[in-house]
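Okay, so here's the structure we're looking at.
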Amino acid sequence: MRRNSSNTATSLDEPTERDAMLYLSDLKPTGIQRRAAAPETPDWAQRFAELAETARDPRLRAFYAQGMPSGDSLLQDVPMAALDVETTGLDPMRDGIVSIGVVPMTLALIQSSASRYWVVHPKVELTPESVAIHAITHAQIETAPDLDAILGELLQALAGRVVVVHCRGIERGFLDVALKTRIGEGIEFPVIDTMELEARLHRKRPSLLTLLLGRRRRPVSIRLAQSRARYRLPRYRAHHALTDALASAELLQAQVAHRFSPQTPLRALWL
């Protein structure tokens, strides 16, 4: 997927250049960043109950009707699904989804055998740059279904699960816009963002001694590969939706093991 970065003054909901290093320093908010600033985390269990009553598309109604765990639920008890999408560009309003990977998981188990992967036909043209990044070609998307054709399967794979991502502005932003253009209504769902969890750790203010000595803080990358490396997780091929979903699942397990606890309430992590 395409990743983003931020400093303490900007939202982590937004993508920047895909192959740029993601650091917590010297980044200015873009128009997309300002547009997608995240509101306060809702009560997702209540919100899903409301959406189950108001959604018009039967696939969305069934998705919301599966409900969502309470924010008081312990992480060890929460069903999750790691999600990643590959896209033709960085702007959900102009670009489209070309592939989707989903890996069911819990803190104790990653269900690789139940993973799902789709290549889908975007409504926009592929660019040479995007093909070079995700390696999905014109020939592959020519025979691929539209997202609407696999939407029911995708929503079933996510239903009742908290979604795990690395950069929530991509998965939520692109899926929301894609559904609005196809079925006339968007989608909402809670996420645990492994990039945001890394940002929380490295967003700390410099010490007084560091300021007095005039030392500059060393920039920290919060890209998926660099974040995984800090936990000594293996390096995987980047920009494949299924592999990146698996990589995000493993990263969350490592983050919780090192910095949180299986007894951490869900509300401490989800957004």
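Any value given below was found using the heavy atoms of this structure, including those in side chains, with hydrogens, waters and symmetry copies removed.
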- Message: So, using salt bridge (Lys or Arg N to Asp or Glu O under 4.0 Å) as the criterion, who are the partners of Asp176 when residues are at least two apart?
- Response: Lys180
- Item | Set of residues satisfying salt bridge (Lys or Arg N to Asp or Glu O under 4.0 Å) with respect to Asp43, sequence neighbours excluded | none
- Given side chains that start at C-beta, do those of Met93 and Val177 come closer than 4.5 Å, heavy atoms only? yes
- Supply the atom-to-atom distance Gln253 CD to Ser248 OG, rounded to the nearest 0.5 angstrom. 11.5 Å
- So NE2 of His134 and OG1 of Thr87: to nearest 0.5 Å the spacing works out to 7.0 Å
Listed pairs under 3.5 Å, donor-acceptor, residues 65-73 side chains, sequence neighbours left out:
from	atom 1	to	atom 2	distance (Å)
Ser70	OG	Asp72	N	3.0
Asp72	OD1	Arg267	NE	3.1
Asp72	OD1	Arg267	NH2	2.9
Ser73	OG	Ser70	N	3.4
Ser73	OG	Ser70	O	2.9

- Gap separating the OG1 atom of Thr88 from the CZ atom of Phe174, nearest 0.5 angstrom: 6.5 Å
- Query: Any side-chain heavy atom of Val119 within less than 4.5 Å of one from Ile141?
  - Reply: yes
- Message: Restricting to non-hydrogen atoms, name the atom on Leu147 and the atom on Leu154 that form the minimum distance, rounded to 0.1 Å.
- Response: CD1-CD2, 4.3 Å
- When rounded to the nearest 0.5 Å, the distance separating CG of Leu60 from CD1 of Ile183 is 4.5 Å
- Item | Under 3.5 Å: donor-acceptor pair, side chain of Thr194, backbone of Val165 | yes
- Message: Strictly by salt bridge (Lys or Arg N to Asp or Glu O under 4.0 Å), give each pair with a member in residues 131-141 just once, sequence neighbours left out.
- Response: none
- Message: Quick one: does any side-chain atom of Trp44 pair with a main-chain N or O of Leu271 as donor and acceptor, under 3.5 Å?
- Response: yes
- Query: Restricting to pairs with a member in residues 250-265, which pass salt bridge (Lys or Arg N to Asp or Glu O under 4.0 Å), not counting sequence neighbours?
  - Reply: Glu198-Arg259, Arg228-Glu250
- Is the closest side-chain heavy-atom distance between Ile192 and Leu197 below 4.5 Å? yes
- Query: Would a 4.5 Å heavy-atom cut-off, applied to side chains only, mark Ile150 and Ile100 as touching?
  - Reply: yes
- Item | Sequence neighbours excluded - side chain to side chain donor-acceptor pair (under 3.5 Å) pairs with any residue from residues 48-62 | Gln46-Glu50, Arg47-Glu50, Asp57-Arg59, Arg59-Asp148
- Query: Which heavy-atom pair separates Leu75 from Met80 by the least distance, and what is that distance?
  - Reply: O-CE, 3.8 Å
- Task: Side-chain contact test, heavy atoms from C-beta onward, threshold under 4.5 Å: evaluate it for Ile187 versus Leu155 and give yes or no.
- Result: yes
- Between CG of Leu224 and CG of Asp244, what distance do you get to the nearest 0.5 Å? 5.5 Å
- Message: Does Arg230 form a side chain to side chain contact (heavy atoms under 4.5 Å, CB included) with His258? I'd like the steps, not just the answer.
- Response: CA-CA 11 Å; Arg230 284 190 285 273; His258 284 79; over 6 Å; no
- Query: Please, which pairs that meet side chain to side chain donor-acceptor pair (under 3.5 Å) have at least one residue in residues 105-124, sequence neighbours excluded?
  - Reply: Arg116-Glu153
- Item | For Asp77, salt bridge (Lys or Arg N to Asp or Glu O under 4.0 Å) partners two or more places apart | none
- Task: Over all heavy atoms of both residues, which pair between Ala245 and Val103 is shortest? Give the atoms and the distance, please.
- Result: CB-CG2, 3.9 Å
- Query: With no hydrogens and no angle check, is any side-chain donor or acceptor of Glu171 less than 3.5 Å from a backbone partner on Arg168?
  - Reply: no
- Item | Nearest heavy-atom neighbours spanning Val102 and Leu83 | CG2-CD1, 3.8 Å
- Task: Measure the shortest side-chain to side-chain distance between Leu158 and Phe189 over non-hydrogen atoms and say whether it is less than 4.5 angstrom.
- Result: no
- Task: Sequence neighbours left out, what passes side-chain contact (heavy atoms from CB on, under 4.5 Å) with Thr243? Give chain and number order.
- Result: Tyr236, His240
- Task: Apply the test side chain to side chain contact (heavy atoms under 4.5 Å, CB included) to residues Ser130 and Ile133: give CA-CA distance (whole Å), side-chain angles for both, the deciding distance (0.1 Å), then the verdict.
- Result: CA-CA 5 Å; Ser130 67; Ile133 290 170; 5.7 Å; no
- Query: Which residue pairs pass the ring-ring contact (aromatic ring centres under 6.0 Å, His included) test when at least one of the two sits in residues 67-87, sequence neighbours left out?
  - Reply: none
- Does Asp95 reach the main-chain N or O of Leu90 with its side chain, forming a donor-acceptor pair under 3.5 Å? yes
- Message: I need the full list of ring-ring contact (aromatic ring centres under 6.0 Å, His included) pairs touching residues 52-95, with sequence neighbours left out, sorted by first then second residue.
- Response: Phe48-Phe63, Phe48-Tyr64
- Residues at least two apart in sequence or cross-chain that pass salt bridge (Lys or Arg N to Asp or Glu O under 4.0 Å) with Arg94, listed by chain then number, are Asp91
- Of the non-hydrogen atoms in Ala178 and Thr181, which two are nearest, and what is the gap between them? O-OG1, 2.9 Å
- Which atom of Ala249 lies closest to which atom of Met105, heavy atoms considered: CB-SD, 3.4 Å
- Item | Minimum side-chain heavy-atom gap Met195-Ser227 below 4.5 Å | no
- Query: So do the side chains of Trp270 and Val78 get within less than 4.5 Å of each other, counting heavy atoms only?
  - Reply: no
- Message: When you measure from the side chain of His239 to the backbone of Ala132, do you find a donor-acceptor pair of N or O atoms at a distance under 3.5 Å?
- Response: no
- Message: With rounding to the nearest 0.5 angstrom, report the CG to CD distance, Leu242 to Glu86.
- Response: 11.0 Å
